[in-house]
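The first residue of the sequence shown is numbered 1, and numbering continues consecutively from there. Just so you know, these numbers come straight off a predicted model, no measurement behind them.
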Amino acid sequence: MGNHGSNLDDILAEDMHHWYNKFMRESPSGLITLFELKAILALKGMSEKAHSYVDQVFFTFDMDGDGYIDFVEYIAAISLMLKGEINQKLKWYFKLFDQDGNGKIDKEELETIFSAIQDITRNRDTNPEDIVSLIFERIDVKGEGELTLEEFIEGAKDHEDIMDILKNLMDLTPVLVIIVEGRSG
């Protein structure tokens, strides 16, 4: 596997014309649908949780809610993931975690997302329940069993170990590499 960081930095450094050609090769219509994204990521045989995670990623990237990811949304999503401010990334993570859209995240939502990510990345180094327990133990100071956006951002920023866990676990670099370079073989 190795570190994809330099690879993506090289990709971002390429001129927009080249980027656009890659995008259009993968999606000639200029728009990526949820179905196409799943095909690009080759998700056959994945669990239901993994599919629902990809749905959530798609809807988070589909900023105008039209059911497609266009080139502008695609570039915005990739640059957010690679170069975004920590507050922007935490807001994006929160939106991704808040599956029911109620403005709060609970343990079940977090565990579902973390398990799905592990299905996609095949990285099962850490138990999702342990990660979620740690996050709630540190951040949910009132013990309510759910976190608001403000609690999540402030709590994550106050605990470097939680930030590291989130960065590692939520690293979409491998997914972005697949999208940008296409499926291999």
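Residues Asp130 and Val132 have side chains not in contact (no heavy-atom distance under 4.5 Å, counting atoms from C-beta outward). Contact check for Leu110 versus Phe136: side-chain heavy atoms found under the 4.5 Å cut-off. Side chains of Ile105 and Glu146 form no contact here, defined as non-hydrogen atoms less than 4.5 Å apart. Looking at Leu34 and Phe59, their side chains come closer than 4.5 Å, going by heavy atoms from C-beta outward. Put simply, the side chain of Phe61 does not reach to within 4.5 Å of the side chain of Ile32, judged on heavy atoms. Taking 4.5 Å as the limit, every side-chain heavy atom of Ile153 sits out of range of all side-chain heavy atoms of Phe94.
Thr33 approaches Phe58 most closely through the heavy-atom pair C-CE1, 3.5 Å. Glu109 and Asp100 make their closest contact through OE2-OD1, 3.0 Å (heavy atoms, listed as atom of the first residue, atom of the second, distance). Smallest separation of non-hydrogen atoms from Glu36 and Leu31: OE1-O, 3.1 Å. Taking every heavy atom of both residues into account, Ala156 and Met163 meet most closely at O-CG, 3.0 Å.
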Would you sort out whether Glu151 and Lys142 count as a salt bridge (Lys or Arg N to Asp or Glu O under 4.0 Å), showing the intermediate values?
-> CA-CA 10 Å; Glu151 287 172 323; Lys142 296 179 200 154; 3.7 Å; yes
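The structure places NZ of Lys91 at 12.5 Å from CZ of Phe152, a figure rounded to the nearest 0.5 Å. Here the NZ-CD1 distance, from Lys107 to Ile135, works out to 11.0 Å after rounding to the nearest 0.5 Å. Asp106 contributes atom CG, which lies 12.0 Å from atom CD of Glu144 (distance to the nearest 0.5 angstrom). To the nearest 0.5 Å, atoms CG (Asp164) and NE2 (His159) are separated by 13.0 Å. Atom CG of Asp70 sits about 6.0 Å away from atom CG of Asp64, to the nearest 0.5 Å.
No donor-acceptor pair closer than 3.5 Å links the side chain of Asp62 to the backbone N or O of Ile69. The backbone N or O of Asn102 lies less than 3.5 Å from a partner atom in the side chain of Asp98, making a donor-acceptor pair. For Asp140 (side chain) and Gly145 (main-chain N/O), a donor-acceptor pair under 3.5 Å exists by modelled atom type.
Within 6.0 Å of atom CD in Glu129, more than 12 heavy atoms from other residues, nucleotides or ligands are found, so the atom counts as buried in its surroundings.
With salt bridges taken as basic N to acidic carboxylate O contacts below 4.0 Å, one links Arg138 and Asp161.
No path of Ile, Leu, Val, Met, Phe, Trp and Tyr side chains, each step under 4.5 Å between heavy atoms, connects Ile139 with Val141, placing them in separate hydrophobic clusters.
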